[in-house]
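Just so it is clear: chains get the letters A, B, ... in the order the sequence lines come, proteins before strands, and each one is counted from 1.
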Number of protein chains: 2
Amino acid sequence: MNKTEPQTNLEARAQLFKALGHPVRLLIVNLVQTKPRHGEELAEILNLNPATISHHLSQLVAVGLLTLKKDQYYHTYSLIGDVLKKTLGEMIRLPQAGLMADVEEDAYQNKVLATFFRHGRLLQIPSQLKKQQIVLHRIVQEFEPGKEYSEREVNQALIEFHDDVAYLRRSLIDHGLMKREAGIYWRVVEAMEG
Amino acid sequence: MNKTEPQTNLEARAQLFKALGHPVRLLIVNLVQTKPRHGEELAEILNLNPATISHHLSQLVAVGLLTLKKDQYYHTYSLIGDVLKKTLGEMIRLPQAGLMADVEEDAYQNKVLATFFRHGRLLQIPSQLKKQQIVLHRIVQEFEPGKEYSEREVNQALIEFHDDVAYLRRSLIDHGLMKREAGIYWRVVEAMEG
DNA sequence: CATTTGATTTGATTGTAATCAAATTAAAAG
DNA sequence: CTTTTAATTTGATTACAATCAAATCAAATG
């Protein structure tokens, strides 16, 4: 189930490093490494507000460094070891052949995103398929992989981007970025493509 | 002795990860890895303003990922390979025994810094040696390791913190945080690498 | 079902980062 | 000494991150 994400993606790697780029989060990783812990415990040890800890933890989960197990009303976080075995060099190095292509690809995507988004909101849904793909790929980031959403929750997330929520929702399904079953939606994690 | 070790230092590690936590800087590292390059070249490839590139480069140099060689009017940046061989785990893991001590140490230092600094300015130079040490350790961060400074430049940097520049300058020398020879000053990098 | 307990979300605030244009520096060459 | 070329610094702007208090949520328990 837990397939190690093929982090060919530039942005995803940057996110991973960014998640580690804060002293509190480094401490959390270390504390969680000795044994799984829950939020309040960490808040106590680090003398920070639970809300702040929650915020840090969600970042660490988002980049796949920690997992969350719900147990009674405790949320217990544990370390995922896999990633930590890689060297910095391996994490940094982009596939040589694809490097320049990636740069240009990203530049193109950014241009498209810049065209259709203003202040985080979607001005207009692109009609060209490729641009629609890029825009939807951005939007689907708002959904946490593995998490289940009701249709109402999906709508709530999408309304932030554009009023035509129904169309967006359908497009996400059509493009294979999300799936639906019995009224439950979840994000499909792609195995990297362009 | 020298309890505040830079490499073991929590903050320093966070800085390293933070430096890698931006797509542009990841790209720079990759580009520089294939061959040493100068700023304008990178600015061109990445289609960014030279000022922006300069800013990113200085961060990468500051955390010791890149080195700078001046050649004519080119500043050529190359990759320092050492760090990249370490695994993420090694970079993250704080010495188990010292973990809690570090937390408390950092908490104490932050408290001292909060007491004596307001809006980045030193309200008053602490008289207690230990607190002075902490404050000076913070101040010396403003100087780039390996770079040479004239007395005028040192003064310019110090005036940002406190008007009694002469006293600060002397204290930095006395505490062994900087050295002076023939009117040239440079920052002493405290040893202890892993 | 009201209460307790831990977690998360929201809103406000403060702080820090990214970016570019313009000004400045520094080396080389006319 | 003026111009050219690359790099850096400064100032302004805009965006994003960290933090906490207060509100909300969800599970367990009386």
Side-chain angles (χ1 to χ4, degrees), chain A residues 11 14-15 17-28 37-44 46-63 66 68-77 110 113-114 117-121 141-142 144 147-148 150 152-153 156-157 160, chain B residues 11 14-15 17-28 37-44 46-63 66 68-77 110 113-114 117-120 142 144 147-148 150 152-153 156-157 160:
Chain A
E11 193 64 43
Q15 285 300 122
F17 284 119
K18 192 149 83 172
L20 290 168
H22 192 283
V24 168
R25 289 193 291 270
L26 278 183
L27 284 169
I28 289 176
R37 306 192 193 238
H38 56 100
E40 206 207 28
E41 196 180 346
L42 293 165
E44 175 105 354
L46 298 174
N47 192 30
L48 280 169
N49 190 298
T52 305
I53 294 294
S54 181
H55 155 72
H56 286 306
L57 285 170
S58 71
Q59 286 182 70
L60 291 169
V61 171
V63 300
L66 302 186
L68 166 57
K69 207 187 92 194
K70 298 184 188 181
D71 195 36
Q72 297 171 56
Y73 36 58
Y74 297 91
H75 289 195
T76 305
Y77 292 87
N110 287 337
L113 292 175
F117 283 97
R118 276 291 127 63
H119 310 301
R121 219 175 139 69
Q141 303 304 317
E142 296 303 308
E144 191 180 328
K147 188 167 164 187
E148 298 186 333
S150 68
R152 201 183 107 267
E153 289 172 314
Q156 280 181 343
E160 296 300 317
Chain B
E11 196 63 44
Q15 285 299 123
F17 284 119
K18 193 150 79 171
L20 290 169
H22 191 284
V24 169
R25 289 193 292 272
L26 278 183
L27 284 169
I28 289 176
R37 308 194 191 234
H38 56 100
E40 206 208 26
E41 198 180 345
L42 294 166
E44 175 105 355
L46 298 174
N47 193 32
L48 280 171
N49 189 298
T52 304
I53 295 293
S54 181
H55 155 72
H56 286 305
L57 285 170
S58 71
Q59 284 182 70
L60 291 169
V61 171
V63 300
L66 302 186
L68 167 56
K69 208 187 91 193
K70 297 183 187 180
D71 195 35
Q72 300 170 52
Y73 38 55
Y74 296 90
H75 289 195
T76 305
Y77 292 85
N110 286 337
L113 292 175
F117 284 97
R118 275 293 126 63
H119 309 301
E142 297 302 313
E144 191 180 327
K147 187 169 165 186
E148 300 186 338
S150 68
R152 199 183 107 267
E153 290 173 313
Q156 280 182 344
E160 296 299 321

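Phosphate contact (OP1/OP2 of dA17(C), side-chain N/O of K18(B), threshold under 4.0 Å): present. In this structure, T52(A) reaches the dC20(D) phosphate: one of its side-chain N or O atoms is under 4.0 Å from OP1 or OP2. In terms of phosphate contacts, H56(B) brings no side-chain nitrogen or oxygen within less than 4.0 Å of OP1 or OP2 of dA17(C).
As judged by a 4.0 angstrom heavy-atom cut-off over every strand, I53(B) is placed among residues making no nucleic acid contact. Note on L48(B): only backbone sugar-phosphate atoms sit closer than 4.0 angstrom, heavy atoms only; bases stay farther off.
When the C1' atom of dT8(D) is taken as reference, atom CG of L60(B) falls 16 Å away, rounded to whole Å. Between the NZ atom of K70(A) and the P atom of dA26(D) there is a distance of 9 Å, given to the nearest Å. Straight-line distance from the CD atom of Q59(A) to the C1' atom of dA17(D): 8 Å, rounded to whole Å. Rounded to a whole Å, the NZ atom of K69(B) is 16 Å from the C1' atom of dA27(C). If you take NE2 of H22(A) and C1' of dA17(C), they are 13 Å apart, rounded to a whole angstrom. Atom C1' of nucleotide dA17(C) and atom CZ of F17(B) are separated by 20 Å, given to the nearest angstrom. Taking atom CD on E44(B) and atom P on dA7(D), their separation rounds to 12 Å, with Å as the unit. Residue L42(B) contributes atom CG, which lies 16 Å from atom P of dA18(C) at whole-angstrom precision.
Interatomic distance, S54(A) OG to L42(A) CG, rounded to the nearest 0.5 Å: 11.0 Å. One distance of note links CG of L57(B) with OH of Y77(B); it measures 4.5 Å at 0.5 Å rounding. Rounding to the nearest 0.5 angstrom, the gap separating the CG atom in L68(B) from the CG atom in L60(B) is 12.0 Å. Put simply, CG on L48(A) and CD1 on I28(A) are 8.0 Å apart, with the number rounded to the nearest 0.5 Å. The line from CD of Q15(B) to CG of L20(B) is 11.5 Å long, rounded to the nearest 0.5 Å.
Under the 30°/60° scheme for interplanar angles, the aromatic rings of Y74(A) and H38(A) are found to stand perpendicular.
Around atom CD of E153(A), more than 12 heavy atoms belonging to other residues, nucleotides or ligands sit under 6.0 Å away.
Closest-nucleotide positions on DNA chain D for N49(A) and Q15(A) were compared, and the one nearer the 5' end corresponds to Q15(A).
Residues meeting the ring pair (Phe, Tyr, Trp, His ring centres under 6.0 Å) test with H75(B), sequence neighbours left out: none.
The rotation axes computed at either terminus of the helix from dC1(C)-dG30(D) to dG30(C)-dC1(D) lie 10° apart, taking five pairs at each end and rounding to 10 degrees.
Heavy-atom minimum distance, A19(A) versus R25(A): O-NE, 2.6 Å.
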Worksheet entry | Nucleotide-resolved protein contact map, nucleotides 1-7 of chain C, B/S/- at heavy-atom distance under 4.0 Å | ----BSS
